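FYI, side chains are in, hydrogens and waters are out, and symmetry mates aren't considered; it's all heavy atoms of this structure. Both counts, for ligands and for their atoms, begin at 1 and track the order of listing. What you see is a predicted model; the values in this text were computed from it and never measured.
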Amino acid sequence: MSGRAWQLAFAGSRLLVVEEGSGIRLPEAEELASALETDSGVLGHAEVPLPAALGWPCRAFDLPRTFDPPRGFGLLGLRDVYQRIPDELFRAAGTALQKVDWLRTHGFCSRCGHATRRHRVHEAMECPACGHLHFPRLAPAVIVLVERGREMLLARSPGFPEGLYSTVAGFVEPGESLEEAARREIAEEVGVEVGDLRYFGSQPWPFPHSLMIGFVAPWARGDVRPDGTEVVDAQWFSPERLPLRLPSGLSIARRMVDDFLTRSRECP
Ligand SMILES: [Zn+2]
(Lines give C-alpha, C1' and ligand atoms only; values in the text may rest on other atoms or scores of the structure.)
Protein backbone atom coordinates (compact mmCIF):
# COMPACT_ATOMS: atom_id res chain seq x y z
CA MET A 1 0.00 0.00 0.00
CA SER A 2 1.61 3.19 -1.17
CA GLY A 3 -0.28 5.48 1.17
CA ARG A 4 -1.26 7.70 -1.70
CA ALA A 5 -4.78 9.00 -1.74
CA TRP A 6 -6.91 11.52 -3.62
CA GLN A 7 -7.39 14.56 -1.42
CA LEU A 8 -10.82 16.11 -1.96
CA ALA A 9 -10.86 19.28 0.10
CA PHE A 10 -13.78 21.69 0.02
CA ALA A 11 -14.00 25.29 1.18
CA GLY A 12 -17.73 25.92 1.06
CA SER A 13 -18.74 24.18 -2.17
CA ARG A 14 -15.42 24.83 -3.93
CA LEU A 15 -12.79 22.13 -4.49
CA LEU A 16 -9.10 22.73 -3.80
CA VAL A 17 -7.01 21.98 -6.90
CA VAL A 18 -3.38 22.28 -7.93
CA GLU A 19 -2.92 24.54 -10.94
CA GLU A 20 -0.44 23.29 -13.52
CA GLY A 21 -0.19 25.52 -16.57
CA SER A 22 -3.68 25.59 -18.05
CA GLY A 23 -4.58 22.28 -16.36
CA ILE A 24 -5.63 21.29 -12.88
CA ARG A 25 -5.29 18.18 -10.74
CA LEU A 26 -6.08 17.10 -7.22
CA PRO A 27 -3.47 17.71 -4.51
CA GLU A 28 -1.58 14.85 -2.91
CA ALA A 29 -1.41 14.55 0.87
CA GLU A 30 1.82 16.56 1.28
CA GLU A 31 0.54 19.26 -1.04
CA LEU A 32 -2.70 19.56 0.88
CA ALA A 33 -0.73 19.78 4.12
CA SER A 34 1.47 22.53 2.73
CA ALA A 35 -1.53 24.46 1.40
CA LEU A 36 -3.13 24.29 4.83
CA GLU A 37 -0.02 25.55 6.64
CA THR A 38 -0.89 29.00 5.39
CA ASP A 39 -4.30 28.94 7.02
CA SER A 40 -5.33 28.65 10.64
CA GLY A 41 -6.80 25.21 10.31
CA VAL A 42 -8.98 22.53 8.92
CA LEU A 43 -12.19 21.92 10.80
CA GLY A 44 -11.99 19.17 13.41
CA HIS A 45 -14.48 16.71 11.98
CA ALA A 46 -13.17 17.14 8.50
CA GLU A 47 -11.79 13.89 7.23
CA VAL A 48 -14.21 11.42 5.65
CA PRO A 49 -13.08 8.15 4.03
CA LEU A 50 -14.65 7.46 0.64
CA PRO A 51 -14.66 4.59 -1.87
CA ALA A 52 -11.48 4.33 -3.93
CA ALA A 53 -11.23 5.92 -7.36
CA LEU A 54 -8.69 5.06 -10.06
CA GLY A 55 -6.96 2.70 -7.68
CA TRP A 56 -6.36 5.10 -4.80
CA PRO A 57 -8.39 5.72 -1.67
CA CYS A 58 -10.22 9.06 -1.50
CA ARG A 59 -10.45 11.36 1.49
CA ALA A 60 -12.76 14.31 1.87
CA PHE A 61 -11.83 17.37 3.92
CA ASP A 62 -13.88 20.28 5.15
CA LEU A 63 -11.87 23.51 4.92
CA PRO A 64 -12.98 26.81 6.38
CA ARG A 65 -15.30 28.63 3.98
CA THR A 66 -12.91 31.59 4.03
CA PHE A 67 -9.84 29.47 3.15
CA ASP A 68 -7.50 31.45 0.92
CA PRO A 69 -5.43 29.08 -1.26
CA PRO A 70 -1.72 29.85 -1.61
CA ARG A 71 0.02 30.40 -4.95
CA GLY A 72 -0.19 27.35 -7.20
CA PHE A 73 -3.55 26.26 -5.78
CA GLY A 74 -7.08 27.25 -6.69
CA LEU A 75 -10.64 26.78 -5.51
CA LEU A 76 -13.17 25.82 -8.17
CA GLY A 77 -16.88 25.01 -8.13
CA LEU A 78 -17.70 21.40 -8.89
CA ARG A 79 -19.31 22.28 -12.24
CA ASP A 80 -16.10 24.10 -13.20
CA VAL A 81 -13.91 21.02 -12.73
CA TYR A 82 -16.15 18.85 -14.92
CA GLN A 83 -14.06 17.37 -17.77
CA ARG A 84 -10.93 18.98 -16.33
CA ILE A 85 -10.26 16.03 -14.02
CA PRO A 86 -10.94 12.35 -14.86
CA ASP A 87 -14.65 11.42 -14.72
CA GLU A 88 -14.07 8.94 -11.92
CA LEU A 89 -12.52 11.66 -9.76
CA PHE A 90 -15.28 14.10 -10.66
CA ARG A 91 -17.75 11.51 -9.38
CA ALA A 92 -15.66 11.04 -6.21
CA ALA A 93 -15.62 14.82 -5.72
CA GLY A 94 -19.43 14.86 -5.90
CA THR A 95 -19.60 12.16 -3.23
CA ALA A 96 -17.06 14.02 -1.10
CA LEU A 97 -19.00 17.27 -1.29
CA GLN A 98 -22.21 15.54 -0.20
CA LYS A 99 -20.49 13.90 2.78
CA VAL A 100 -18.79 17.10 3.84
CA ASP A 101 -22.06 19.00 3.54
CA TRP A 102 -23.78 16.34 5.64
CA LEU A 103 -21.19 16.72 8.43
CA ARG A 104 -21.43 20.50 8.32
CA THR A 105 -25.19 20.49 8.67
CA HIS A 106 -25.54 17.74 11.29
CA GLY A 107 -23.36 19.02 14.10
CA PHE A 108 -26.38 19.19 16.41
CA CYS A 109 -29.28 16.85 17.02
CA SER A 110 -32.44 18.03 15.28
CA ARG A 111 -34.54 16.28 17.94
CA CYS A 112 -32.97 17.59 21.17
CA GLY A 113 -30.31 20.12 20.11
CA HIS A 114 -27.33 18.34 21.72
CA ALA A 115 -23.98 18.25 19.88
CA THR A 116 -23.64 15.09 17.78
CA ARG A 117 -20.66 12.80 17.15
CA ARG A 118 -19.70 10.30 14.45
CA HIS A 119 -21.16 6.84 15.04
CA ARG A 120 -18.51 4.17 15.55
CA VAL A 121 -20.05 1.67 13.11
CA HIS A 122 -22.75 3.25 10.99
CA GLU A 123 -22.21 6.09 8.61
CA ALA A 124 -24.27 8.36 10.79
CA MET A 125 -24.06 11.22 13.24
CA GLU A 126 -25.21 10.06 16.64
CA CYS A 127 -26.74 12.12 19.42
CA PRO A 128 -25.16 11.05 22.76
CA ALA A 129 -28.06 12.62 24.68
CA CYS A 130 -31.11 11.04 23.02
CA GLY A 131 -29.57 8.36 20.78
CA HIS A 132 -31.08 9.73 17.58
CA LEU A 133 -29.11 8.81 14.45
CA HIS A 134 -28.72 11.28 11.60
CA PHE A 135 -27.92 9.60 8.31
CA PRO A 136 -26.65 11.41 5.21
CA ARG A 137 -29.46 13.17 3.40
CA LEU A 138 -30.49 12.01 -0.04
CA ALA A 139 -33.35 13.66 -1.90
CA PRO A 140 -34.74 11.52 -4.75
CA ALA A 141 -35.90 13.50 -7.76
CA VAL A 142 -37.53 12.28 -10.96
CA ILE A 143 -36.55 13.66 -14.34
CA VAL A 144 -38.72 12.96 -17.37
CA LEU A 145 -38.27 13.30 -21.10
CA VAL A 146 -41.75 13.41 -22.70
CA GLU A 147 -41.75 12.41 -26.35
CA ARG A 148 -44.32 12.56 -29.15
CA GLY A 149 -43.10 10.93 -32.35
CA ARG A 150 -40.00 12.83 -33.41
CA GLU A 151 -40.59 15.60 -30.89
CA MET A 152 -39.55 15.95 -27.28
CA LEU A 153 -40.99 18.31 -24.70
CA LEU A 154 -38.39 20.56 -23.04
CA ALA A 155 -39.01 23.31 -20.53
CA ARG A 156 -37.42 26.46 -19.14
CA SER A 157 -37.20 27.31 -15.45
CA PRO A 158 -37.00 31.00 -14.49
CA GLY A 159 -33.33 30.79 -13.43
CA PHE A 160 -32.05 29.08 -16.60
CA PRO A 161 -29.42 30.78 -18.79
CA GLU A 162 -30.78 32.39 -21.95
CA GLY A 163 -31.97 29.87 -24.54
CA LEU A 164 -31.64 26.79 -22.33
CA TYR A 165 -34.42 24.18 -22.30
CA SER A 166 -34.27 20.93 -20.37
CA THR A 167 -36.33 17.95 -19.26
CA VAL A 168 -38.96 18.36 -16.54
CA ALA A 169 -37.80 17.39 -13.05
CA GLY A 170 -39.02 17.50 -9.49
CA PHE A 171 -38.58 16.02 -6.04
CA VAL A 172 -40.39 12.90 -4.91
CA GLU A 173 -42.80 13.63 -2.06
CA PRO A 174 -43.40 11.41 0.98
CA GLY A 175 -45.82 8.58 0.14
CA GLU A 176 -45.25 8.74 -3.61
CA SER A 177 -43.80 6.12 -5.93
CA LEU A 178 -41.28 7.32 -8.49
CA GLU A 179 -43.88 6.83 -11.23
CA GLU A 180 -46.50 8.86 -9.35
CA ALA A 181 -44.00 11.65 -8.78
CA ALA A 182 -43.10 11.68 -12.47
CA ARG A 183 -46.75 11.90 -13.59
CA ARG A 184 -47.54 14.59 -11.02
CA GLU A 185 -44.56 16.76 -11.94
CA ILE A 186 -45.37 16.53 -15.66
CA ALA A 187 -49.03 17.37 -15.06
CA GLU A 188 -48.24 20.24 -12.67
CA GLU A 189 -45.40 21.87 -14.56
CA VAL A 190 -46.37 21.47 -18.22
CA GLY A 191 -50.01 20.33 -18.06
CA VAL A 192 -49.81 17.10 -20.09
CA GLU A 193 -50.54 13.47 -19.33
CA VAL A 194 -48.15 10.70 -20.30
CA GLY A 195 -48.43 7.00 -21.11
CA ASP A 196 -46.25 4.17 -19.79
CA LEU A 197 -43.04 5.35 -18.18
CA ARG A 198 -39.81 3.69 -19.20
CA TYR A 199 -36.89 3.74 -16.77
CA PHE A 200 -33.86 5.40 -18.35
CA GLY A 201 -31.21 5.48 -15.63
CA SER A 202 -30.13 7.37 -12.56
CA GLN A 203 -27.42 9.77 -11.47
CA PRO A 204 -26.13 11.07 -8.16
CA TRP A 205 -26.49 14.85 -8.26
CA PRO A 206 -24.46 16.60 -5.55
CA PHE A 207 -26.16 20.02 -5.83
CA PRO A 208 -26.56 19.58 -2.94
CA HIS A 209 -27.73 15.99 -2.27
CA SER A 210 -30.08 14.58 -4.89
CA LEU A 211 -30.43 11.30 -6.69
CA MET A 212 -31.89 11.89 -10.16
CA ILE A 213 -34.05 9.05 -11.51
CA GLY A 214 -34.70 9.40 -15.23
CA PHE A 215 -37.76 8.24 -17.18
CA VAL A 216 -38.86 8.50 -20.78
CA ALA A 217 -42.62 8.79 -21.32
CA PRO A 218 -44.80 9.07 -24.42
CA TRP A 219 -47.20 12.02 -24.51
CA ALA A 220 -50.81 10.79 -24.06
CA ARG A 221 -53.04 13.87 -24.02
CA GLY A 222 -53.25 17.53 -23.16
CA ASP A 223 -51.91 20.80 -24.52
CA VAL A 224 -48.66 22.16 -23.15
CA ARG A 225 -49.45 24.65 -20.38
CA PRO A 226 -46.42 25.87 -18.39
CA ASP A 227 -47.34 26.51 -14.74
CA GLY A 228 -45.71 29.97 -14.90
CA THR A 229 -43.69 29.53 -11.71
CA GLU A 230 -41.39 26.51 -11.94
CA VAL A 231 -41.69 26.40 -15.72
CA VAL A 232 -41.99 29.66 -17.67
CA ASP A 233 -41.99 28.12 -21.15
CA ALA A 234 -42.18 24.63 -22.62
CA GLN A 235 -42.07 23.61 -26.26
CA TRP A 236 -41.90 20.58 -28.52
CA PHE A 237 -38.48 20.28 -30.14
CA SER A 238 -37.26 17.99 -32.92
CA PRO A 239 -33.79 17.05 -34.21
CA GLU A 240 -34.32 19.73 -36.88
CA ARG A 241 -35.43 22.40 -34.42
CA LEU A 242 -33.53 22.39 -31.14
CA PRO A 243 -33.31 25.09 -28.49
CA LEU A 244 -30.36 27.47 -28.49
CA ARG A 245 -28.88 25.56 -25.55
CA LEU A 246 -29.25 22.01 -24.26
CA PRO A 247 -28.46 20.90 -20.69
CA SER A 248 -24.80 20.39 -19.75
CA GLY A 249 -23.12 17.09 -20.55
CA LEU A 250 -22.63 16.42 -16.86
CA SER A 251 -26.37 15.92 -16.32
CA ILE A 252 -28.55 12.90 -16.95
CA ALA A 253 -30.90 15.34 -18.71
CA ARG A 254 -28.36 15.68 -21.52
CA ARG A 255 -27.91 11.93 -21.78
CA MET A 256 -31.68 11.58 -22.13
CA VAL A 257 -31.84 14.28 -24.82
CA ASP A 258 -28.91 12.73 -26.71
CA ASP A 259 -30.54 9.31 -26.48
CA PHE A 260 -33.77 10.74 -27.91
CA LEU A 261 -31.90 12.46 -30.75
CA THR A 262 -30.04 9.27 -31.63
CA ARG A 263 -33.29 7.28 -31.70
CA SER A 264 -35.15 9.84 -33.79
CA ARG A 265 -32.34 10.10 -36.32
CA GLU A 266 -32.30 6.32 -36.66
CA CYS A 267 -36.11 6.24 -37.26
CA PRO A 268 -36.97 9.30 -39.36
ZN1 LIG B 1 -30.68 14.28 20.51
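- When distances to the Zn ion (ligand 1) are checked against a cut-off of 2.8 Å, His132 contributes no N, O or S atom below that limit.
- Considering the Zn ion (ligand 1) as centre, the angle to SG of Cys127 and to SG of Cys109 is 110° (10° rounding).
- Using modelled atom types, one side-chain atom of Glu180 and one backbone atom of Ser177 make a donor-acceptor pair closer than 3.5 Å.
- A salt bridge links Arg184 with Glu173; the closest basic N to acidic carboxylate O contact falls under 4.0 Å.
- Residue His114: no N/O/S atom is found under 2.8 Å from the Zn ion (ligand 1).
- Here the closest heavy-atom approach between residue Pro128 and residue Ala115 is recorded as CD-O, 3.2 Å.
- The aromatic rings of His106 and Trp102 lie tilted to each other, with the angle between the two planes from 30° to 60°.
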